[in-house]
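Every chain is numbered from 1 and lettered A, B, ... according to where its sequence line falls, protein lines coming before strand lines.
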Protein chains: 2
Amino acid sequence: MATRERKRRRGSRQAPLTGGDTRLSRASVARFSLYLRHLEMFGREGIETVSSGQLGDALRITDAQVRKDLACLGSLGQRGIGYPAAELIGALRRKLGIDRHWPTAVVGIGNLARALLRYRGFPQHGFRFVALFDSDAAKVGQRVEGLPVHAPADMPAVIAASGAELGIIAVPSEAAQETADALAAAGIRGLLNFAPVVLRLRRDVNLVSVDLAVQLEQLAFLVHLAGGE
Amino acid sequence: MATRERKRRRGSRQAPLTGGDTRLSRASVARFSLYLRHLEMFGREGIETVSSGQLGDALRITDAQVRKDLACLGSLGQRGIGYPAAELIGALRRKLGIDRHWPTAVVGIGNLARALLRYRGFPQHGFRFVALFDSDAAKVGQRVEGLPVHAPADMPAVIAASGAELGIIAVPSEAAQETADALAAAGIRGLLNFAPVVLRLRRDVNLVSVDLAVQLEQLAFLVHLAGGE
DNA sequence: GGATGTGAACGACTTCACAGCG
DNA sequence: CGCTGTGAAGTCGTTCACATCC
């Protein structure tokens, strides 16, 4: 028997993502938000029951996919009828963890941050902006969308006082890693990063990155490919 | 033999994505942009040759993954040595289709659009903003980042004159579908959509969507899960 | 009939393991 | 020896097909 010392994986291998009772795949979770949004729309139209087919049409995925996903939430569907919209919404909210408020801090008060602060979808889903930071002395002290801008040095105190648990990084790439470190040190538990940088974080700080340049390049690639034939 | 009339798939099933010579997976393409960015960084540091291990460490993926991906570009690697950075960069650019300019239009000149217009990563990768649109009469005629804002009614003429091939949708969700339709009708070949809506498009218009609320909800879910145990 | 829930088949992506070459 | 290139194995995600139940 050779020494089965597994080759050290860099970083942490994707944690298994055990969602309590049922195993939920990352892919399903990525769709939960979309189900939720569409169910809310259906709800506003007065629809009380939706079928996997309707949801699938809305998201442009198959009905089987929808059923597999929703099965993770328990047996909410009624055969021959469909799923009760209100119950589904509640179950999705609970599973996603947005059946509560998420106090959120934003670092880097540029146009992107302003766009996010003004976006009405966030408060609707429980996200509350509670603290803003910018390293530009000219911005510190100003109010943006009703919130004062603080200096990065005040992060520990302001974060603690505001109770922020999530952080949004909207600073230039050069400053992204140090911002992430500062937020992590201040006790933030999850980061949404918009800087085009691969951040290194302690394993207990969660990370979601959105790289806008990558998205646009994906698009260019698709068009390039389609145009090529 | 039952009538093998396949159940009508809604929308188009994911086209096979035949990248010319070698089959490239969507997942690989999604990483190409990242390889490119890191190679450019290595290049600026004066590094001329990189190994799959180095790139893997930078992106936090395995070296085998890197080699598999790069194999799609042809045999650029040199055994025992690594990959020549400059050649790789060129090959990636060509494969992604960003070895050229992409004239791009932006609709909805709010904070998000301003953030994008100002982002220096785009021009660096060949994206050129050539036309802006907003339905707000107060904005029409203004200049933003040096470009005049046009009325949506002028789309066909302005798009044609500017030669825009890509479009960025940064309008509120209510207006997203009609904006997409207008851009498609004006001859745009690819759309980057920021509205939290599932757009319907002709199959010959490519689409990439970025839903910021979904991303933040993903993050909340991860933290929720991590905190839950 | 109409819709869910689910094993089984399928396909896509990732990792392993190692041959091959500089 | 180091590092690439690649079949084979493994894992994950999607689709099919159908039993099941209202």
Enquirer: Between P on C:dT4 and OH on A:Tyr35, what's the gap in Å once rounded to a whole number?
Expert: 12 Å
Enquirer: What is the separation between atom CG on A:Leu70 and atom P on D:dT14, rounded to the nearest whole Å?
Expert: 13 Å
Enquirer: Between the base of D:dT20 and the side chain of A:Arg79, is there any donor-acceptor pair under 3.5 Å?
Expert: yes
Enquirer: Can you tell which of C:dC18, C:dT6, D:dG13 lies closest to the side chain of A:Ala71?
Expert: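 Of all the options, the side chain of A:Ala71 is nearest to C:dT6.
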Enquirer: Would you say A:Gln65 places a side-chain N or O within less than 4.0 Å of OP1 or OP2 belonging to D:dT15?
Expert: yes
Enquirer: Within the 4.0 Å heavy-atom criterion, would you say B:Ser75 contacts the bases, only the backbone, or no part of the nucleic acid?
Expert: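 Sugar-phosphate, backbone atoms only, no base.
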Enquirer: Are there more than 12 heavy atoms of other residues, nucleotides or ligands under 6.0 Å from atom CZ of B:Arg120?
Expert: no
Enquirer: Within this structure, what is the CG-to-P distance between A:Leu24 and D:dC12, rounded to whole angstrom?
Expert: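 Going from CG in A:Leu24 over to P in D:dC12 covers 14 Å.
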Enquirer: May I ask you to check whether B:Gln215 and B:Asp211 show a side-chain donor-acceptor distance below 3.5 Å?
Expert: no
Enquirer: Between C1' on D:dT6 and CG on B:Asp69, what's the gap in Å once rounded to a whole number?
Expert: 14 Å
Enquirer: How are the rings of B:Phe42 and B:His38 set relative to one another: parallel (under 30°), tilted (30 to 60°) or perpendicular (over 60°)?
Expert: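 The rings of B:Phe42 and B:His38 sit tilted, inter-plane angle from 30° to 60°.
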Enquirer: Taking the nucleotide of DNA chain D with the closest heavy atom to each, which residue, A:Ser28 or A:Arg67, is nearer the 5' end?
Expert: A:Ser28
Enquirer: In whole angstrom, give the distance that lies between atom CG of A:Asp63 and atom P of C:dG5.
Expert: 12 Å
Enquirer: Checking contacts here: which listed nucleotide (C:dC13, D:dG5, C:dT4) is nearest the side-chain heavy atoms of B:Tyr83?
Expert: D:dG5
Enquirer: In whole angstrom, give the distance that lies between atom CD of A:Gln78 and atom C1' of C:dT4.
Expert: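 Answer to the nearest Å: 10 Å.
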Enquirer: Rounded to the nearest 0.5 Å, what separates atom CG in B:Leu55 from atom CD1 in B:Ile61?
Expert: 8.0 Å
Enquirer: Rounded off to whole Å, could you give me the CD-to-P distance for the A:Glu87 and C:dT4 pair?
Expert: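 After rounding, the reported distance stands at 15 Å.
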Enquirer: For DNA chain C, determine which residues of residues 44-52 of chain A have any heavy atom closer than 4.0 angstrom to one of its atoms, and list them numerically.
Expert: A:Ser51, A:Ser52
Enquirer: What's the spacing between B:Phe127 CZ and B:Leu116 CG if we round to 0.5 Å?
Expert: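 Answer rounded to 0.5 Å: 12.0 Å.
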Enquirer: I would like to know whether A:His125 and A:Glu40 meet side-chain hydrogen bond (donor to acceptor under 3.5 Å, both in side chains); could you show each step before the answer?
Expert: CA-CA 11 Å; A:His125 284 117; A:Glu40 286 165 348; 3.2 Å; yes
Enquirer: Answer whether the closest heavy-atom distance between the side chains of A:Leu191 and A:Ile168 falls below 4.5 Å.
Expert: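 A:Leu191 vs A:Ile168: side chains apart.
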Enquirer: If I take atom CZ in residue A:Arg26 and atom P in nucleotide C:dT14, what distance separates them, rounded to the nearest angstrom?
Expert: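 Between P of C:dT14 and CZ of A:Arg26: 13 Å.
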Enquirer: Passes side-chain contact (heavy atoms from CB on, under 4.5 Å), A:His224 versus B:Leu96? Steps please.
Expert: CA-CA 7 Å; A:His224 170 62; B:Leu96 280 173; over 6 Å; no
Enquirer: C:dT14, OP1 or OP2 - any side-chain N/O from B:Arg31 closer than 4.0 Å?
Expert: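 For C:dT14, OP1/OP2 do have a side-chain N/O of B:Arg31 under 4.0 Å.
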Enquirer: If you pin B:Ile81 and B:Ala64 to their nearest nucleotides in DNA chain D, which one's is more 5'?
Expert: B:Ile81
Enquirer: Is A:Thr62 close enough to D:dT15 that one of its side-chain N or O atoms is under 4.0 Å from OP1 or OP2 there?
Expert: yes
Enquirer: Could you check whether B:Gly80 gets within reach of a base, just the sugar-phosphate, or nothing at all, counting any heavy atom under 4.0 Å?
Expert: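 Contact class for B:Gly80: base.
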Enquirer: Please evaluate the base of C:dT15 for a donor-acceptor partner in the side chain of B:Lys68 within a cut-off of under 3.5 Å?
Expert: yes
